[in-house]
Each structure stands twice: as structure tokens, then as C-alpha cells.
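Only this structure's heavy atoms are used, side chains among them; waters, hydrogens and symmetry mates stay out.
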Amino acid sequence: MISGKSSAGLDKKKAWLGKYYIHLTLRHIVQPRTAYQEGFRQSEGIHTYSKGHLRNARPSETAKLSIIIESPPLICHGDPTNSVGALFSGRLQFTIGEHTRPIEIIKLNLTLAIRLTTVKPVVKGCPSCASRVEELSNWNFITRPMYLTLGHHEFPFSYLFPGQLPAFCNTPLGGIAYVLSAQAEDIVGRSYSSTMPLHIKRALPQGNETSLLYTFPRTNLTSHVIVPSVVHPMGSFPVRVALSGVMDKGKPNRNHLYIQNVKWHIKEHVKIVSHPCSKHASKSQAEGVIHRTTRVIGRNKKSNGSRYKLDSGSDEISLQFEASIDYTREPVCDVADSKGLEVKHSLIIELIAAERNAWITATSSPAIVLRMCSGLRMSERSGLGISWDEEVPPIYNDVPPGPPDYTAMETPVRYLGASRRLTLPECDF
């Protein structure tokens, strides 16, 4: 006899086996159906997101937002006071790739901003004190939702950079940068972005050479230094020095100066004003803190006294040498005092001379150091030196006439009847 307890356990086991057999029977039907639905969703570009992760969902890899630049390199020709600026144009491109359904976007804008950063902010660790952002222009391309289908969708834009804006630079104390930022958002909350930095340069035209006159106290010496009006970060430039009054005519032995060594170096002077943010502004620091630094970006030393000897009967020494800037030091071109940043350059020349008797080869007095300082204007090369306002294309009235037309040549033509055939001797080869 089977007890009631054992019969109840047997019934439970039979029920469990029945459910297991039903599961094995329907598995080959349920699983392919689920895989088919998932494959169909992926082929149609349908993405499922939970409610909590909808805002943090990553955008589709086949949809991309990019910026295309059409204009040539941005160069402001001339000084900030008289420059016409640089014309900038481009296209904002939204690309919808394959296997992606049309996207409905509700936001598409582009922002152009200038950013001034400082290495030594008023409050260390405050990002607002270390960087200031000023918006120059903003483009809002859509005012209502828009459907974007497969392909490239382009939105043109243009901007005229004013000539008084400073050029892009990066100094040991801080820098100035220009940034284009594009933002897009679709109806389901996915965001797309693209960022592109812009390098704006300034080119100064070449002019007459700069001539400087120096007088040295307690002596009769006068020097005349001639340097180019504009120098460039790469390449060398000539420097001419004329030293007059080297002969002491009042002494019977006719002492004169003899150039022993020529030293020169180029310095870069940077000044930046660190402004506090609105949170840390106070009366004592309302105007900002000024920081200065100076570094050498080029130097050389020549020792060739025989090259600069005094000619017989002359009262002047003329010398010339080539100076250059060390491009590996990453020099910065001149920046006018704008947005709190200023960059200048100077050339320091040192002539080491000794007084020598015209009849005695030995030096009769200790060496004399003649130091001269000349300002340099450094900018990028201007290339053709043509600004955007001078590149106007010709209009139809200015286009010259085309080439002459072809004139008809009068040649005899022989017409033959339709029934007559050409024989071999009558054919012209």
C-alpha cells in the first residue's frame, strides 16, 4: 500500500516533468521569434532604451555631425587699427548613414567663441578665474523639428572676423584661442556635437627699414642700427651697424676702437592680466593681477676681429650680420594689448671693443661694451598680401570678349547625283 505522503510527492514530480516537457517543446518556436524581432529592429535602425537611460543613450554610430571649412587660412592683413579682418565661411554637415531611419532633430546650432586662458589665475584651482570665454557669434539653423533622411545635410554659415581681434597665440603665461562648437539634439534625447579650433594669424606688410640712432655717454661714439620693419619666426634677417667717432683725433698717437666680439640675442616679452571671476572679485583685485615674463628666443656670438678693423683714415666702422629666431623655442608673434595679453620683441646688440694705438698692435686700454636695444615687429608671412576685400571676382561687364569666331572657308563642293556611283579614279584621297 502506498501512503498518502508518497502519493503527493509523486504527483508533484509528474507536474514538474509535464512543465519541463512543454518548455522543451515550445523553445524552438519562442527563441527564433525573439531573435527575428531583434534583428528586424536593428535592420530598421530602431533602438530600445529604458526610461531611466534615455537621456544618457549614446547616439547612433552612423549619424555624425561635422564642420567643413571652405575659406582659406584666416589671416588679418595690417595693423589692428586699419585691418579689414578675415572672412570666414564653412558648412555644418549632418550625415545620416545606412541602416538608419530618418532622424527628427529639434536643435541644431553653432557657436563661435574666443577663449583667454591664464596659467596664473587670481584664485588657484578656480576654472572661472583661469579661463574666460566670450561669444562672438551664434547660428541657430532650425526653429522647428526637422526630419533628416539618408545622406549629407549641409547648413552654410559665414562670419567676418574684425581686424582688431588678437591673433591666436600660446605663451608661457597664457593664450588666446578661437573655438567653433556645434550642438545637435534629436527628439528622443540623443545629442551630437563637434568642435573645431581656429587659428587666426596676423601678417604685417613690409615697409621701409627701421633706422635707430644711439649715443653713448662720456664718449664721442655714435651708432646707427638698421633692421627690417618686420621679421618672421622662420628665416634670418640682416642687421647693419655703423659706429662713428671711433678715432680720437686729439691724441698724437691716434688711438681708435677695435671691435673684438659681436653678441646679439632676441628677447620675447609677455604681459598678461589675470582677471578674477565674479565670485572672487574684490576691490583690491578688481582690475586684475599683472604678470610678466621674458625669455630668449634667439642668440649668437661671433669672434672675428679682423673683419671689423678700422680702415686707414676712416672714422667709422661698418659691420653686418645675420640674425635669426630659434623656431624650436616656439616663438609667438606680436600681439597688441588686447583681451589682457600683450607680446613684444626686442633685439639686443653688444659690441665688445678695445682702444688700440694705430702704430702699436697691443691693446692700450680695457675692453668697452657698447650695448644697443632695438624693437622688433614679428608677424607671420603675408604670402601674396591680399586681403579678402581685394579678392573681388570680376563682374560680367569687366570680362573681355572671347576668342574670335571660326571663319568659313570657301572650298568647292561637287554634288553627284543619287544614281551615279564614284569610281576609283574619281575618288579624291
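The CD atom of E380 sits 11.0 Å away from the NE2 atom of H199 when rounded to the nearest 0.5 Å. The distance from atom CG of L116 to atom CD1 of I272, rounded to the nearest 0.5 Å, is 5.5 Å. To the nearest 0.5 angstrom, I349 atom CD1 is 10.5 Å from H265 atom NE2. Taking NE2 of H153 as the reference point, atom OG1 of T95 lies at 8.0 Å (rounded to 0.5 Å). Between the CD atom of E70 and the OG atom of S89 there is a distance of 5.0 Å, given to the nearest 0.5 Å. Expressed to the nearest 0.5 Å, how far OH of Y147 lies from CZ of R101 amounts to 9.5 Å.
Nearest approach of L341 to T171, heavy atoms of both residues: CD1-OG1, 4.3 Å. Residues I96 and L150 come closest through the heavy atom pair O-CD1, 3.1 Å. Taking both residues in full, the closest heavy atoms of P331 and R295 are given as CA-NH2, 3.8 Å, listed atom of the first, atom of the second, then distance. Across all their heavy atoms, V119 and P121 have their closest contact at O-CD, 3.1 Å. Contact detail for C333 and P233: the closest heavy-atom pair is SG-CG, 3.8 Å. I75 approaches A86 most closely through the heavy-atom pair O-CB, 3.8 Å.
In terms of modelled atom types and a separation under 3.5 Å, the side chain of S194 and the main chain of A182 share no donor-acceptor contact. Without hydrogens or angle criteria, H77 side chain to R202 main chain gives no donor-acceptor distance under 3.5 Å. In terms of modelled atom types and a separation under 3.5 Å, the side chain of S128 and the main chain of C277 share no donor-acceptor contact. A donor-acceptor pair is defined here as one N or O able to donate and one able to accept, closer than 3.5 Å; such a pair exists between the side chain of H345 and the backbone of V332. Checked by atom type and distance alone, the side chain of S244 pairs as donor or acceptor with a backbone atom of T222 at under 3.5 Å. Panel note: side chain E350, backbone V369; no donor-acceptor pair is recorded below 3.5 Å. Looking at Y214, its side chain never comes within 3.5 Å of a backbone N or O of R371 through a donor-acceptor pair.
Heavy atoms of other residues, nucleotides or ligands lying less than 6.0 angstrom from CG of N208 number 12 at most. Heavy-atom neighbours of E330 CD from other residues, nucleotides or ligands within 6.0 Å: at or below the threshold of 12. Taking a 6.0 Å sphere around CZ of R115, one finds it holds 12 or fewer heavy atoms contributed by other residues, nucleotides or ligands.
Residues K201 and P73 have side chains not in contact (no heavy-atom distance under 4.5 Å, counting atoms from C-beta outward). Annotation: side chain of L136 is in contact with side chain of L165 (closest heavy-atom distance under 4.5 Å). Residues I200 and C76 are in side-chain contact: their nearest non-hydrogen atoms beyond the backbone lie under 4.5 Å apart. Inter-residue side-chain proximity for L213 and S211 is flagged as unmet; no heavy-atom pair is nearer than 4.5 Å. Taking the side chain as every heavy atom from C-beta outward, I266 and L376 approach each other to under 4.5 Å. Taking the side chain as every heavy atom from C-beta outward, D186 and E104 never approach each other to under 4.5 Å. Within the 4.5 Å cutoff, the side chain of V239 has no heavy atoms near those of the W264 side chain. In this structure the side chain of I67 reaches within 4.5 angstrom of the side chain of L110, judged on heavy atoms.
Of the charged side-chain nitrogens involved, none lies within less than 4.0 Å of a carboxylate oxygen, so that E268 and R329 do not count as a salt-bridged pair. A salt bridge does not link E134 with R132: every distance from a Lys NZ or Arg NE/NH1/NH2 to an Asp or Glu carboxylate oxygen is 4.0 Å or more.
Ring geometry, Y159 versus W139: the interplanar angle exceeds 60°, so the pair is classed perpendicular (tilted spans 30 to 60°). Ring planes of F88 and F157: tilted class, angle from 30 to 60°. Between Y178 and F161, the angle of the ring planes goes over 60°, which puts this pair in the perpendicular group of the 30/60° scheme.
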Next on the checklist: The test is side chain to side chain contact (heavy atoms under 4.5 Å, CB included); show your working for M372 and L212 and say whether it passes.
Outcome noted: CA-CA 10 Å; M372 296 159 283; L212 301 173; over 6 Å; no
| task | Take Q206 and S229 through the side chain to side chain donor-acceptor pair (under 3.5 Å) test and state the conclusion after the steps. | result | CA-CA 6 Å; Q206 287 286 352; S229 60; 3.3 Å; yes
Show the numbers, then the answer: is there a side chain to side chain contact (heavy atoms under 4.5 Å, CB included) between L351 and I317?
-> CA-CA 11 Å; L351 303 180; I317 297 178; over 6 Å; no
* To do: Using the side chain to side chain contact (heavy atoms under 4.5 Å, CB included) rule, take L347 and V231 through it: C-alpha gap first, then chi angles, then the decisive distance, then the call.
  => CA-CA 11 Å; L347 171 65; V231 299; over 6 Å; no
(message) Show, in sequence, the C-alpha distance, side-chain angles and deciding distance for L204 and D334, and conclude whether the side chain to side chain contact (heavy atoms under 4.5 Å, CB included) test is met.
(response) CA-CA 10 Å; L204 301 177; D334 285 7; 5.7 Å; no
